[in-house]
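These notes concern the structure reproduced below.
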Amino acid sequence: MDSMVQTHPSRAGESADSYLWNAWYVGALASEVGPEELFPRTLLDTSILFYRKQDGTAVAIHDRCPHRFAPLHLGTRNGDQVVCKYHGLQFDCSGQCTHSPHGNGNIPKAAVVKSFPVIERYGFLWIWMGEKEADESLLPDFGYLDNGPDTALAHTYLHVNCHYELISDNVMDLSHVDHLHGEILSTKGTLSPLMAKVRETERAVNARWVWKQTPASLLFSPHMPDPAGETHLFFDITWTPPANIQLSVGATQTKTDAPLTLENTVGQYDLHTVTPESLDTTHYFFATRRNHLLDDAAHNEHMIQILHDTFQNEDGAMLEAVHAEMRTSDFFALNPVLMSNDVAPVKVRRLLKRLKIEEQTD
Amino acid sequence: MDSMVQTHPSRAGESADSYLWNAWYVGALASEVGPEELFPRTLLDTSILFYRKQDGTAVAIHDRCPHRFAPLHLGTRNGDQVVCKYHGLQFDCSGQCTHSPHGNGNIPKAAVVKSFPVIERYGFLWIWMGEKEADESLLPDFGYLDNGPDTALAHTYLHVNCHYELISDNVMDLSHVDHLHGEILSTKGTLSPLMAKVRETERAVNARWVWKQTPASLLFSPHMPDPAGETHLFFDITWTPPANIQLSVGATQTKTDAPLTLENTVGQYDLHTVTPESLDTTHYFFATRRNHLLDDAAHNEHMIQILHDTFQNEDGAMLEAVHAEMRTSDFFALNPVLMSNDVAPVKVRRLLKRLKIEEQTD
Amino acid sequence: MDSMVQTHPSRAGESADSYLWNAWYVGALASEVGPEELFPRTLLDTSILFYRKQDGTAVAIHDRCPHRFAPLHLGTRNGDQVVCKYHGLQFDCSGQCTHSPHGNGNIPKAAVVKSFPVIERYGFLWIWMGEKEADESLLPDFGYLDNGPDTALAHTYLHVNCHYELISDNVMDLSHVDHLHGEILSTKGTLSPLMAKVRETERAVNARWVWKQTPASLLFSPHMPDPAGETHLFFDITWTPPANIQLSVGATQTKTDAPLTLENTVGQYDLHTVTPESLDTTHYFFATRRNHLLDDAAHNEHMIQILHDTFQNEDGAMLEAVHAEMRTSDFFALNPVLMSNDVAPVKVRRLLKRLKIEEQTD
């Protein structure tokens, strides 16, 4: 019997139960998959090919010819179909082989590539990779992103060499902002002493901070009536499976008894959502809609670049260092010292674990 | 007890039964091993040192001093012998230690390096790495390569990051040429619909295609009386263990009832032969003799460069992508969808497997 | 359950018994750790942070925050304390967390980083990583290095991709010098035939060679009355655990019945001491004190550069090739052919093994 060859050593210990499968993951920014493109990306250790039909509909199939395992993205488009570069088998977007140039042209029954449901929404291509029937109701409503002009909306993508749960840990505990980040996000030490108010439901974890600081961080102070003055702020973040974190943040100098929301503050509505490439590497997708300076395209471009660079060079660099130091994806096995600021991320880890166990025992 | 250290992770799963051992493999092009050279190459996960005695005879020994495991190719020549760079032990080409500069000069009985039979033939150095006595009769006759002027003969070498059996699969199923390659080898879609005639013997698999196309591929059309006209062609390929594929190809515009051969066509006699470096990496050797334009050295040089680039950039690139996607050397474990064009390569895989099992149970 | 991720494949097989733990290892040259520096280095597969308190005292703590495993060297200094870059926890040099900016500032009892005893001596920072109480008496006396002007003393550091015991093998068997090195260290073939006189005690192995050659190696001949004349020389080397080799070498043209020592020869007192980074990579530290040309700073600089380059390009290159060829750290499992020149290195391997077994069964 032949030996197994592990070209990716870190994948040696992978097992099916490492991921939640029956869920919507972002596979790509909608803008990454051009009309004629064969766009490959590895998700959950599986090679996926995204492309768009001639009517623009995005589709996803396994990026592996079932004949001799050639990556299909090396092939060519033929209308809505894909032709394998190696031996010319042609597949439609349901994964069915529709043409074989070999012999009498007979198409073996097994000549089918797995196809995956895709939803294009909020500027992303969402993919369902589980065995159960795709359940569109499990894609949360991030419709705030859709409401408003393009000049107040931006998306970006990062690749980070860490386990994906380290990224949700990072966003769910915003007490890191004063330590890891510079003035752009600084709370001047006012956030860390606060206990986030954390609420948990069957399929979500929410954390909320409300505080005041003087002045606001550079993200908001220029937009306040008194840039140097006391400012009231809030963070409101909600994790939903498999790995979405919706974060709203806003600032105001107007006194109000109402809870702070994006309705009564200058702020932005962000979506951080990550998809494991492998247990060691993660695709990090981000979208943000601003509720101010709606028509300022230059500001829009400037801000997404700043946020992108912050996530890459500050969060990303730290999380890669943490991942390398941990040398495992089993966070709790390392006996972390947990503190009050860890309530929300730990609730997320436990909820995800429960959902994975439910999926496996279903 | 000390832990094992695997500096080559992919070698972790290697086992002795991954290779057919009692067989002749090409270790090097004859031209790679100069008269004074100590030429190292890893074959079947074993470090081998090739060099030539002063009379030009090529020899091969384990490239590892038995004292402290220094690679012998780092050392120096002393006549027909090799002196280890680390502590000066000297070995003759049978692997016997003949001199120790240490203490009273006593040579321990175990101070022997394994030596390997080598045959220099057809422009290659063939090595026998098995435990059984080397059997020269197991080296197939590729004597056609020897018949004719040097200006119609060429050799080349490639290194490919894939399992060696993927290369025999590739050559045994020539239906890939219209999909993977350009005009130089194109059959204009005429080959794929044909079923190769496949014959199998105890130790060989032969596949043969005969077809016509208009015009011939660029490899032959310039040498036809009517370059744009209908041309009759044949491919005749024979696999022999451990990993030789002899391929003849020819074209003619002369009608004949006789079977097409290199005697009655314009064609060439090729030998593809591969040697595993490891389960993930392969040495690919190639020789070709042309039966036309015999004295055209410039054409000879031009053609071998074209073929080399084709194998490297088209076949090699595809096979490396396939290997990376497979992440295993156990082809059948992935449940490939097999078609009529796979008859010959599958017969080769089964024959090689039978020979390996026979060797292990012998 | 989550899978284990091995980002360092070669560490997969590591086990606690691979190293002698209760011992003093060099962690850094004293000069590597500047007054304000956070200096990280992996020792025995453990991330260590070295830094100096404001009074200059060197300290070492685990380079891993116990909260979320951020490397502490990414953080900042606060007086004698270190502030984690990720969430702002502050640790003193005993590893105790002294400040948390989170919530009510409560510091969990477990918020402690392991700290390690450090001794700064002989130009090195020595670290004790074992579980037993640090025993200063186990740091051998290399006080010769301290006696004399700085212009006759030099230190250097190399990183070598090999198992650490290969380096002690190399230094304990100096018969390699005529084969691996050039004229600078050449014994003109006079050393290899000699049997080193080897003595062993409970915790040390000593080897001694005394010989004559004409002329001396380039290291000494320029300092002899008759540079081309017959010279008497000695090597005296002593291994002590965990991985120190003190080597004295001297030359004289004065006849004497007394044993040759650094008192009656032109020579130098060297300390080779190595610390495993992992089972595949080693930190190599070196110090040397000359007993001649005491005030020649230029000569001093020239000589340490020559020795550094020799160790890196000749010893280091050979040992990396040997390590790669061995693919294991279990030297004896490969059935080495041992000779008279191997007596001292084999005694060292056996003594170290005995000490490791004693430690584990203690």
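Values reported hereafter were calculated over all heavy atoms of this structure, with side chains retained and with hydrogens, waters and symmetry mates removed. Below, read A as the first sequence line, B as the second, and so on, with proteins coming before strands; counting in each chain starts at 1. Note that the structure is predicted; figures quoted are calculated from it, not measured.
Residues of residues 70-82 of chain C placed with any heavy atom under 4.5 Å of a heavy atom in chain A are listed by number as Ala70(C), Pro71(C), Leu74(C).
With a 4.5 Å cut-off on non-hydrogen atoms, Ser192(A) touches chain C through its backbone and its side chain both. Looking at Asn170(A), the atoms closer than 4.5 Å to chain C (heavy atoms on both sides) sit in the backbone and in the side chain alike. Interface remark: Ile107(C) contributes no atoms to any contact with chain A (heavy atom separation under 4.5 Å). Proximity to chain C (any heavy atom under 4.5 Å) is shown, for Ile357(A), by neither the backbone nor the side chain.
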Checklist entry - Going through the checks in order, is the side-chain contact (heavy atoms from CB on, under 4.5 Å) test met by Leu166(A) and Phe69(C)? => result CA-CA 11 Å; Leu166(A) 294 182; Phe69(C) 315 118; over 6 Å; no
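Taking 4.5 Å as the limit, every side-chain heavy atom of Pro336(A) sits out of range of all side-chain heavy atoms of His67(C).
When all heavy atoms of His179(A) and Tyr86(C) are compared, the pair lying nearest together is CB-O, 3.5 Å.
Checked against salt bridge (Lys or Arg N to Asp or Glu O under 4.0 Å), Glu320(C) has no partners two or more places apart in sequence or in another chain. Judged as a ring-ring contact (aromatic ring centres under 6.0 Å, His included), and not counting sequence neighbours, Phe39(C) has no contacts. Looking at residues two or more places apart in sequence or on another chain, you find a side chain to side chain contact (heavy atoms under 4.5 Å, CB included) between Pro66(C) and Val337(A), Phe91(C), Val113(C).
Considering His102(C), His87(C), Arg68(C) in turn, Arg68(C) is the only one that fulfils the side chain to side chain donor-acceptor pair (under 3.5 Å) rule with Asp342(A).
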